[in-house]
Amino acid sequence: MSEQTQQDENKIIAERRAKLNALREQGNAYPNTFRRDALAADLHKDFDALTKEELAEQAPVRVKVAGRMMMRRIMGKASFATLQDMTGRIQIYVQRDDLPEGFYNQQFKKWDLGDIVGVEGYLFKTNTGELSIHVEKIELITKAIRPLPDKFHGLQDQEVRYRQRYLDLIVNQESRETFILRSKIVQHVREFLIRKGFLEVETPMMQVIPGGASAKPFVTHHNALDMELYLRIAPELYLKRLLVGGFEKVFEINRNFRNEGLSTRHNPEFTMVEFYEAYTDYKTLMDYTEELLKELAELAVGDTKVPYQGQVFDFGKPFDRLTMKESILKYNPEVKPEELETLEAARALADRLGVHWEESYGLGKVMTEIFEETVEERLMDPTFITEYPAEVSPLARRNDENPFVTDRFELFIGGRELANGFSELNDAEDQAERFKAQVAAKDAGDDEAMHYDADYITALEHGMPPAAGEGIGIDRLVMLFTDAPSIRDVLLFPHMRRAD
RNA sequence: GGGUCGUUAGCUCAGCUGGUAGAGCAGUUGGCUUUUAACCAAUUGGUCGCGCGUUCGAAUCGCGCACGACCCA
């Protein structure tokens, strides 16, 4: 701790530090010798149902519990306190005369809220029926020098909740629940894919050529090799190399990094699951996705009606499936199909709808812009949009009947893109052409266009089985199922500006 | 990038048209052996985000900056 910080310390911290110094003089101030044998939630699960009398009549249930002291009610020669461990809270009852002479007044009563204590005792129920531990031994395990936020109102300041997430987790139960549910969702996604026979793999986070998506990368430097490396914007091209290598069903759950702005829906690092399966197509993936999301709704909400920020999304019915063109016509009833058939007509339509386009855009890109501006945010219940133009899908397989579009879909819920999948382009020569078009776009000023990845082309030239692949944004998924308005609410440590 | 709102004690918040700051919790001291946001009594604690300006006087008004929240692009 710096001198400056010490100077800034207020009286509360100074008092607690004095207590800590007294503890140091008495011996080990930070012992790691207490071993618990019970967790709060397990005790409630096993004993809440018993009456006070039933619990008193049976043989005493002796337990050792550790946790942070969140509340305390001192009533002269006896006290109640509330301990919190990772599973929840349990009340303890401490009597002066159960403890060694002087301990209650000289030690216990001088401890503070926020201190971590270990207790040993037996279970009982209070007159109001609350399961509690009648303490026979109690020890201070860790002294907290700084005070907790308000015991009743919790921590309200959003900035502090994000910057000092540990405080948020200590005092705000909803926050703990959000991150526990996030863990369960990730676990379920993993188990779903393993159940389907997929192999979990890890591919490079640092890449020589950032590929697999259209986004600006973070750049770093490898000293020993004296070369630039990019944090990955997607794992896609590596996972497809594994298809070439004969791993025919693979997935990865990990972070991607995109050097873009922050918003309630964007964090520079975010978590995706990507999975690839050989000898199948995008329609299979849509079926998987629908199956997975229905399971997740059941897991997270326990219902097919998922509430989100005052709206309700229906996961019970079969998910809608519309082509991009169909969706534009559906949500813009005055638009005629012919207006989406030539570049000139589409440009005129975009002008009419107030959608921006540039000279370099082809029909596919203009159409996609119209879709994004007029349809996307209105897709509330889960909806698959298919037939994305090849122009905006440089890694996707062209449709056999209509090469203008690809065998691709995106899933939208609540107006937000949740997933993106397609049958994979495994024609090395077509892929090389598409990369060249991307490079041309990059040269023309599109700094999100892809690089030419010759090593990937070489891999495709060895033969990649026909396959389909998909990415699902885990953070947005968790936002949806935890009713979180901001991506920061589902990231333990969201990116923030420097506080100083 | 633009707009709106916010920043006051460790925490949660008041503070009116400008007159040098309040409550509850936490802390401290005392009381209380089934409380539960325990209670009762007393009490400590503040560079009012930072800077500049207006004014006899600024937490309050104006401008700028920082950080955050929300909306828009």
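In what follows, chains are A, B, ... by sequence order, proteins preceding strands, each numbered from 1.
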Rounding to an integer number of Å, can you tell me how far Q158(A) CD sits from rG49(B) P? 20 Å

What distance, rounded to whole Å, do you find between the two P atoms, one in rG15(B) and one in rU7(B)? 10 Å

Is rU54(B) in the syn range, within 90° of 0, or in the anti range? anti

Is rU55(B) paired to anything, Watson-Crick or G-U wobble with both distances less than 3.5 Å, and if yes, which nucleotide? none

So, do R161(A) and S175(A) sit near enough that their side-chain heavy atoms are less than 4.5 Å apart? yes

Base of rU35(B) paired with side chain of Q91(A) (donor-acceptor, under 3.5 Å): yes

Among rU33(B), rC67(B), rU35(B), which is the nearest nucleotide to the side chain of E159(A)? rC67(B)

Which is true for G114(A) with a 4.0 Å heavy-atom rule: it touches a base, it touches only sugar-phosphate, or it touches nothing? nothing

Against the side chain of R73(A), the closest entry in rU33(B), rG10(B), rA38(B) is rA38(B)

Distance check needed: rU34(B) P versus N127(A) CG, whole Å only. 8 Å

For nucleotides rA41(B) and rU55(B), find the distance between their P atoms and express it as a whole number of Å. 49 Å

Regarding R163(A) and Q158(A), is there a side-chain donor-to-acceptor distance under 3.5 Å anywhere? no

What does F124(A) touch in the nucleic acid at a heavy-atom separation under 4.0 angstrom: a base, only the sugar-phosphate, or nothing? base

With respect to the phosphate group of rU33(B), does any side-chain polar atom (N or O) of R96(A) fall under 4.0 Å of OP1 or OP2? no

Can K64(A) and D37(A) be counted as an ion pair, charged N to O under 4.0 angstrom? no

Which nucleotide, in any strand shown, forms a Watson-Crick or G-U wobble pair with rG6(B), with both distances under 3.5 Å? rC67(B)

For a quick check, tell me whether the side chain of D150(A) and the base of rG24(B) share a donor-acceptor pair closer than 3.5 Å. yes

Check every strand shown and say whether D157(A) touches a base, only sugar-phosphate, or nothing at a heavy-atom separation below 4.0 Å. sugar-phosphate

So, are D112(A) and K19(A) salt-bridged, with charged N and O less than 4.0 Å apart? yes

RNA chain B: 5'-proximal contact among S486(A) and M75(A) (nearest heavy atom): M75(A)

Could you give the CG-to-C1' distance, from D489(A) to rA69(B), as a whole number of Å? 11 Å

Between rC11(B), rU28(B), rU33(B), which nucleotide has the shortest distance from any of its atoms to the side chain of K19(A)? rU28(B)

Ionic contact status for R62(A) with E120(A), cut-off 4.0 Å: yes

Test of understanding: with side chain to side chain donor-acceptor pair (under 3.5 Å), list the residues that count as partners of R416(A), not counting sequence neighbours. Y308(A)

Between rG6(B) (P) and Q156(A) (CD): distance, integer Å: 18 Å

Taking the side chain of I12(A) as its heavy atoms from C-beta onward, which of rU35(B), rA26(B), rG68(B) lies nearest to it? rA26(B)

Taking only Lys NZ, Arg NE, NH1 and NH2, and the carboxylate oxygens of Asp or Glu, determine whether E269(A) and R255(A) approach each other closer than 4.0 Å. yes

Mutual orientation of the aromatic rings belonging to W111(A) and F103(A) [parallel < 30°, tilted 30-60°, perpendicular > 60°]: perpendicular

Please report the distance, rounded to the nearest Å, between CZ in R161(A) and C1' in rG10(B). 18 Å

Under 4.0 Å between any heavy atoms, over every strand shown, what does T82(A) touch: base, sugar-phosphate, or nothing? Just pick one. nothing

Review item, nucleotides 39-45 of chain B N/O atoms under 3.5 Å of protein N/O:
{"from": "rU44(B)", "atom 1": "O2'", "to": "K11(A)", "atom 2": "NZ", "distance (Å)": "2.3"}

By nearest nucleotide on RNA chain B, pick out whichever of V160(A) and S132(A) is the more 5' one. V160(A)

Distance check needed: rG24(B) P versus H153(A) NE2, whole Å only. 13 Å

With a 3.5 angstrom cut-off on both distances, give the Watson-Crick or G-U wobble partner of rA41(B), or none if there isn't one. rU29(B)

Give the rounded distance in Å between these two atoms: NZ of K109(A) and C1' of rG27(B). 15 Å

Contact class for R163(A) (heavy atom, under 4.0 Å): base, sugar-phosphate, or nothing? sugar-phosphate

With a 3.5 Å limit on both atom pairs, tell me what rU20(B) is paired to, counting Watson-Crick and G-U wobble, or say none. none

Any residue meeting side chain to side chain donor-acceptor pair (under 3.5 Å) with Q84(A), in chain and number order, not counting sequence neighbours: R89(A)

Between CZ of R497(A) and P of rA66(B) the distance, given in whole Å, is 8 Å

Would you call the rings of F80(A) and Y93(A) parallel, tilted or perpendicular, taking 30° and 60° as the class edges? tilted

Under 4.0 Å between a side-chain N/O of R488(A) and OP1 or OP2 of rA69(B), yes or no? yes

Which base sits across from rC48(B) as a Watson-Crick or G-U pair, both distances under 3.5 Å? none

